[in-house]
Amino acid sequence: MDQIRIVGGRTLKGRLPISGAKNAALTLLPAALLTDEPLTLRNLPRLADVDTFGHLLNQLGASTQVQGSRPEDFGRVMTVSAGRITSTTAPYDIVRKMRASILVLGPMLAREGVATVSQPGGCAIGNRPIDLHLKGLEALGAEIELTSGYVRAKAPKGLVGGHVNFPMVSVGATENVLMAACLARGETVIDNAAREPEIVDLATCLVAMGADISGIGTERLVIQGKDRLHGATYAVMADRIEAGSYACAAAIAGGEIVLGGANKALLGASLGILEEAGVAFADTPQGLSVQRKNGLHAVTASTAPWPGFPTDMQAQLMALMTKAEGASLLTETIFENRYMHVPELARMGADISVRGRSAVVRGVAALTGAPVMATDLRASMSLVIAGLAAEGETRVNRVYHLDRGYERLEEKLQAVGADIERVSGD
Ligand code: UD1
């Protein structure tokens, strides 16, 4: 199996492009099921998860066409045409590979009146139930049964608008219900909706497809259902988590990099925390410039739904704080098991103690390279970040996690001067 090999100690300089956002792509792709006309998505990242989603859409009867992309280009354009949905079942084999498959449930149910989706299990970062997705769809009139590991949903007379008040903020549940409501009869109100930029991206695309949505970007979404949506062309937003990850890379390695296609606003709460840690940002015509001014300082950060500090940045910030002066306090409030990177960072010399949901990270003078592996995407990225600053060689195993969420990571980091390569692990 491939590994990423990094020799730490190089400062970074130059520009690297930020790709389209994985988490936006994975909710825009199922939106294509809401119409029988083509939906063309530009700036889709080239990622394993996007390919898997394409296969899922094919399995449901949609065609996917990739246009004019050369191997050397980042990103691509894909047109999804779901003229007819020939199967309403998302099978176990695909859902087990990618939890975001659950996002076909709402659109398929809304369009076909029936949908069967394998229940996603837990994953490396926690239980990850889907009860809020199901309750939300039930509020729109869906009848749902859980049998043999599958969610079987039907709405023989079509979905009808309703009031959904989520007891906690869920990105995926908001997306599923929002998509379904676009084709439900009458008005749907979603309270305590997630406000993540990827949801704004989805809602904006749905409006381009003819949906009537107000309150976009707020915790109350109001949707007037339509009989049908039409095709559209839409460009996926830039990946704020990828941008934040490379900002951490530049901050730990030193030097100055420019993140093409990114700006300060994209980073949300990560910006203020990284500034507090001693990282300087500037919006420039070429993109977001990132530079560590002097030493790194410890910070306190707690993950929260947008506009809070994202759980998807917690591991990368932790890697950065292993080299900061002082003790940082990081608290994970979204997922119960999202510290799998801690023992691996410790093997590289980091001083981290976890108690319950909080971790105290005491900065050390030096990290040392080591063979490491992680069980999820962002944890794997935290090991890459630590490796860039570690003395000697780090080999990150289980590269398939990184391939799910970082488009050609090693090429982007090589381009700004990192000593990093993909090697065959055999
Ligand atoms: C999405 C992102 C993921 C990110 C997460 C939080 C995608 C493909 N994934 O995941 O990268 O880390 O948002 O920003 O976009 N919950 C329930 N019941 C539910 C749904 C969620 O209890 O039905 C809980 C979860 O266990 C978790 C919290 O709600 O504690 C937030 O989860 P949610 O926002 O739904 O995350 P995802 O949409 O799965």
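The structure presented is a predicted model; accordingly, all values stated were derived computationally and were not measured. For this chain, numbers begin at 1 and follow the sequence in order. In each ligand, atom 1 is the first atom listed, and ligand 1 is the first ligand listed.
With a 4.0 Å cut-off on non-hydrogen atoms, Asp312 touches ligand 1 through its side chain and not its backbone. For Leu132, heavy-atom contacts with ligand 1 shorter than 4.0 Å involve the backbone as well as the side chain. With a 4.0 Å heavy-atom cut-off, ligand 1 is reached by no atom of Glu198. Contacts of Arg338 with ligand 1, taken as heavy-atom pairs under 4.0 Å, involve the side chain alone. Contacts between Ala173 and ligand 1, counted as non-hydrogen atom pairs separated by less than 4.0 Å, are absent for every part of the residue.
Among all non-hydrogen protein atoms, the one lying nearest atom 1 (C) of ligand 1 is Val171 CB, 3.9 Å. The single protein non-hydrogen atom nearest to atom 35 (O) of ligand 1 is Ser170 OG, 2.6 Å, given as residue, atom name and distance.
Of the options Leu103, Ile102, Ile334, the smallest heavy-atom separation from atom 31 (C) of ligand 1 is shown by Ile334. Nearest residue to atom 10 (O) of ligand 1 from Arg128, His133, Lys135 is Arg128 (criterion: closest heavy atom). When the heavy-atom distances from atom 14 (O) of ligand 1 to Asp131, Ile130, Val169, Thr311 are ranked, the shortest goes to Thr311. Of the candidates Ala21, Ala24, Pro129, Pro167, it is Pro129 that places a heavy atom closest to atom 22 (O) of ligand 1.
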(request) Please lay out, stage by stage, how Gln316 and Ser245 fare under the test side chain to side chain donor-acceptor pair (under 3.5 Å). (result) CA-CA 6 Å; Gln316 300 90 311; Ser245 302; 3.1 Å; yes
(request) List the steps, then state whether side chain to side chain donor-acceptor pair (under 3.5 Å) holds for Tyr234 with Asp201. (result) CA-CA 9 Å; Tyr234 191 77; Asp201 217 34; 2.6 Å; yes
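Without hydrogens or angle criteria, Thr333 side chain to Thr303 main chain gives a donor-acceptor distance under 3.5 Å. Counting only distance, with no hydrogens or angles, the side chain of Ser87 and the backbone of Thr89 share a donor-acceptor pair below 3.5 Å.
For ligand 1, none of its N or O atoms has an N or O atom of Phe335 under 3.5 Å away. Of the polar atoms of Asn23, at least one N or O is found under 3.5 Å from an N or O of ligand 1, judged by distance alone. Between Ala100 and ligand 1, not a single N/O pair is under 3.5 Å apart. Here's the thing with Gly172: one of its N/O atoms is less than 3.5 angstrom from an N/O atom of ligand 1.
Ligand 1 is never approached by Pro310 to a heavy-atom distance shorter than 4.0 Å. Within the structure, the closest approach of Glu332 to ligand 1 does not fall below 4.0 Å when heavy atoms are considered.
Rounding to the nearest 0.5 angstrom, the gap separating the OG1 atom in Thr394 from the CD atom in Glu344 is 11.0 Å. Residue Glu138 holds its CD atom at 10.5 Å from CG of Asp131, rounded to the nearest 0.5 Å.
Every atom of ligand 1 with a heavy atom of Met168 under 4.0 Å away is listed here by number and element: 22 (O), 24 (C), 28 (C), 29 (O).
Salt-bridge check for Arg338 with Glu332: failed, with every basic side-chain N at 4.0 Å or more from each acidic carboxylate O. One finds no salt bridge joining Arg357 and Glu336 here, because no Lys/Arg side-chain nitrogen approaches an Asp/Glu carboxylate oxygen to under 4.0 Å.
For the side-chain hydrogen bond (donor to acceptor under 3.5 Å, both in side chains) with Thr79, the qualifying choice from Gln65, Arg42, Gln67 is Gln67, the only one to do so. Among Arg398, Arg46, Arg422, Arg408, the single residue meeting the salt bridge (charged side-chain N to carboxylate O under 4.0 Å, His left out) criterion with Asp403 is Arg422. Only one option out of Arg378, Lys22, His401, Lys412 pairs with Tyr406 in a side-chain hydrogen bond (donor to acceptor under 3.5 Å, both in side chains); it is Arg378.
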